Every structure is written in C-alpha cells, then in structure tokens.
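Worksheet: one structure, shown below.
No experiment lies behind these values; they were computed from the predicted model shown.
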Protein chains: 2
Amino acid sequence: MTETPASLTSTQLGAYFAFTEVSSLLRHAVEKQLRDVGDLSYVQFQLLARLGDSPHGQQRMTDLADGVVYSRSGLTYQAQLLDQRGLVTRAPSPDDERSTVISLTEAGRDVLAAVFPGHIEALHSLLFAALSDSDIDELARILGAAAAHLRAIPPRSAAPRRRSRPEA
Amino acid sequence: MTETPASLTSTQLGAYFAFTEVSSLLRHAVEKQLRDVGDLSYVQFQLLARLGDSPHGQQRMTDLADGVVYSRSGLTYQAQLLDQRGLVTRAPSPDDERSTVISLTEAGRDVLAAVFPGHIEALHSLLFAALSDSDIDELARILGAAAAHLRAIPPRSAAPRRRSRPEA
DNA sequence: TAGCACTGCTTCGAACTCGAAGCAACGGTA
DNA sequence: TACCGTTGCTTCGAGTTCGAAGCAGTGCTA
C-alpha cells in the first residue's frame, strides 16, 4: 500500500454516494418493470438474459451463479422456480454427471423477448436520458476499469464468515 | 417521448454491465468487511451512518427509510435488532405521537467509529485505487447527474404489485 | 367537537437468500 | 482397482425482506 488516508475526499464521497444511490434507485425501478411485464424478479431476469446470451442457451449451474454473483443454493432455488414455469429445463451434463446444465426453453426466450424492450426503454429513460453521449463513453470507460480491477483483486476471497457469536 | 430505440449502443450496454458488475462486487466486498469488523449488515451500517450524519444523531423512521431506499417494515425489523444491541434507541416523537424517533447511542457511535476506517480503506483499495483523480471527478459528476435525474423522475411510483398468479 | 381522510409505524404471512451440511461423481495416486 | 481429496449440486435451517393489513394519532372541515 502506498498510502491509506483516514478519510475520503469530498469528491470521492460524492462519487460513492451517487453510485450507491443510482444503484438503489435504478435497481428498484428496473425490478418493478420486470415484475409488471414478465413477472420476473431481477435475479430471474439476469439468469434468463445470461442464458440467452450463451452458446446453446445453456450453462452449468456454477458458471451461471458466478456470472450473476449469486449463491449456489440461491440459484438452485430460482432454477426450480423457472423450471416449474417452464422457462428453463435442467439436465445432468453428459460430460460430467455431477454438473447440471440449465437451458433456456422457447417459452423462456419468449418471456425474455417480451421483457427486453421495456427493460431497454427503462434504462433509456431512467439512466441514459440524463447523460450525454460523451458522458456515457466516460462512464463505460471508468466503470469498465473499476470492474476489471474488482474482478482481479479478490480472485475468490476466503476468510471464514462469522455472523454472530456461534458459541462461547 | 422523443425516440425509443429498440436497443442500446454497445457503449451503453458496456456502461450498464460495468455498472451492475461494480455494484455487485463492491457491495459484496464491503458487506464482508462490515460483517467482519463490526458484525453489521450493509443495511445496518447505512442506517447507523445516516444517523451519525443527522443533527442530533436522530431521525424519524420514515425519513430514514426513504434515505436508504428501504421498506418501512424492513426498517422496523432492523431497528429492533439495533435497539436490542444497544446501538440505537427508539422513542415517540414529542411533536407527533405517531412518529418514532430513532437515535444513535454512544455504543452506536463507537461501532460506527470502529467500522469506518476499514470501510474507507476498502473503498480505496477496491474502487478508487483503479481510478485517476480526474476519473473520480468525472464519475462524481456523471453519477451525480444520474442520481438527480432518478430522484426527480418517479416521485413515488405507484401501480399495484403482482407477484404470481394468486389463483389457478 | 364530531366526523373522516390521511399519515406513521408495527404486525403478519409469504417469499427469498445464504452458508453449512450432505451426497454423488470425478480424477489423481498407489 | 481401491482409496481419497476435490468438485458440483441440493437440502436444510435460520435470518432477512417485502407488501398488505391493522392500529393509533393528526389535522381538516363542518
């Protein structure tokens, strides 16, 4: 570490607060749109979208979970729900019997197609409408660098969790 | 509406994806630090921090909930937990018997003080370390504008919720 | 001052999330 | 081939979140 100031500059604080605020508000607004149009939670949408972007509309559970920064057990739960709704199917991988491959169905693609335009429209009106083209360029560049940094720093931070005192 | 393109430019997509990724990763990392050092969830930290920043270390429940973009019932729950831990106290407002005023205790300030340096250090190493000063300026400016826009757009969007089919 | 819509908080039930533990399959080694 | 640490997923229990409903206090109007 070169230096570790005890505080942040007001600009840094401002950037951080603005970031968290945009994050919260945008998330809520987008969530609402997804719920209203496709009866999807944000997580479910992310999962479907990621599948839609994958080679044969399919991915291994673990890869999918890592992709959306989500717990494996949580993914199992959501995959069940999506499976019940017929938006995805699950099958053991031919390569590795342990793996479950989750695949987007036609119905899944339909829901995705139904939700997408509104999703994009929401992003336009909520986020990009307030920004100039060059702002968006800058944002993409800066956040891209930040994302790369975050991805690289903690490859998979360990350290045991600790909720409350488990016991004396 | 002036125009509603059916898709986003790749720069816009990039900005959006980078944003969500930074948001997720940063959130997880910060959450972990807060948990390890002060045994606080992110929400709890936000609540304490906001109280610490308020006039007499106190705020009305509703204002606090709005401040952190959080449901009222959720706040009631967390306020109970923080109360039990002695980090805050709750009392009816003298002005308005309906209101509950939640106040930071000394113990609450102590926890906040214990957690803060690590929190700032985490922000440094996770986020700001990857960015130049001018990047941070830009980020603050752009996200500030976006936040203002988001705050203004939906004063409090209504529209009834709808989860799954309530019936066959 | 009686009536009444509204506000502020809490309670309640249902849904979602997570980590730990459990179970099966894999892959290396002897 | 038998063993064994590792990997991939699911099950389980506990904790957290939300919206709807309920309840009390407020303030406006007649």
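- Side-chain atoms of A/Phe128 and A/Ile136, non-hydrogen and from C-beta on, do get closer than 4.5 Å to each other.
- For the atom pair B/Leu75 CG and B/Met61 CE, the distance stands at 4.0 Å (nearest 0.5 Å).
- Closest to the side chain of A/Val43, from the set C/dG8, D/dT10, C/dT17, is C/dT17.
- For B/Ser73, counting side-chain heavy atoms from C-beta on, the closest listed nucleotide (C/dT17, D/dA20, C/dG8) is D/dA20.
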### side-chain contact (heavy atoms from CB on, under 4.5 Å) evaluation trace for B/Leu143 with A/Leu139
CA-CA 9 Å; B/Leu143 290 179; A/Leu139 199 58; 4.1 Å; yes
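- Remark on DNA chain D: of its neighbouring residues A/Arg90 and A/His28, the 5'-side contact belongs to A/Arg90, judged by nearest-heavy-atom nucleotide.
- Atoms NZ (B/Lys32) and P (C/dG19) sit 11 Å apart, rounded to a whole Å.
- Projected onto DNA chain C by closest heavy-atom contact, A/Asp96 and A/Gly74 fall at different nucleotides, the more 5' of which corresponds to A/Gly74.
- Proximity of B/Arg60 to the phosphate of C/dG8: a side-chain N or O atom is located under 4.0 Å from OP1 or OP2.
- One atom, CG of A/Leu47, and another, C1' of C/dC16, lie 13 Å apart when rounded to the nearest Å.
- The side chain of A/Gln78 lies closest to C/dC16, out of C/dC16, C/dT11, D/dT26.
- Per the geometry, CD belonging to B/Gln46 stands 15 Å off C1' belonging to D/dT16, to the nearest Å.
- As a whole-Å value, the separation of B/Asp95 CG from C/dT7 P is 18 Å.
- Between the CG atom of B/Asp63 and the C1' atom of C/dT7 there is a distance of 12 Å, rounded to whole Å.
- Heavy atoms only, all atoms of each residue included: B/Gly57 and B/Arg109 are closest at CA-NH2, 3.8 Å.
- At a threshold of 4.0 angstrom between heavy atoms, the contacts of B/Thr76 include nucleobase atoms, whether or not backbone atoms are also involved.
- Considering only side-chain atoms of A/Leu81, the nucleotide from C/dT10, C/dC16, D/dG25 that sits closest is C/dC16.
- Nearest nucleotide to the side chain of A/Arg98, out of C/dG8, D/dT16, C/dA25: C/dA25.
- Of the inter-residue distances, the one linking B/Arg85 atom CZ with B/Leu40 atom CG reads 5.0 Å to the nearest 0.5 angstrom.
- Proximity note for A/Tyr77 (side chain, C-beta onward) versus D/dT26, C/dA15, C/dA25: the nearest is C/dA15.
- Residue B/Tyr70 has its side chain nearest to D/dC18 when only C/dT17, C/dT10, D/dC18 are considered.
- Rounded to a whole Å, the CD atom of B/Glu31 is 17 Å from the P atom of D/dG15.
- Summarising the geometry, the separation between CZ on B/Arg27 and P on C/dT17 is reported as 13 Å, rounded to the nearest angstrom.
- Between A/Gln80 and D/dT11 there is a side-chain N or O to OP1 or OP2 distance below 4.0 Å.
- Rounded to an integer number of Å, the gap from CG of B/Leu40 to P of D/dT16 is 12 Å.
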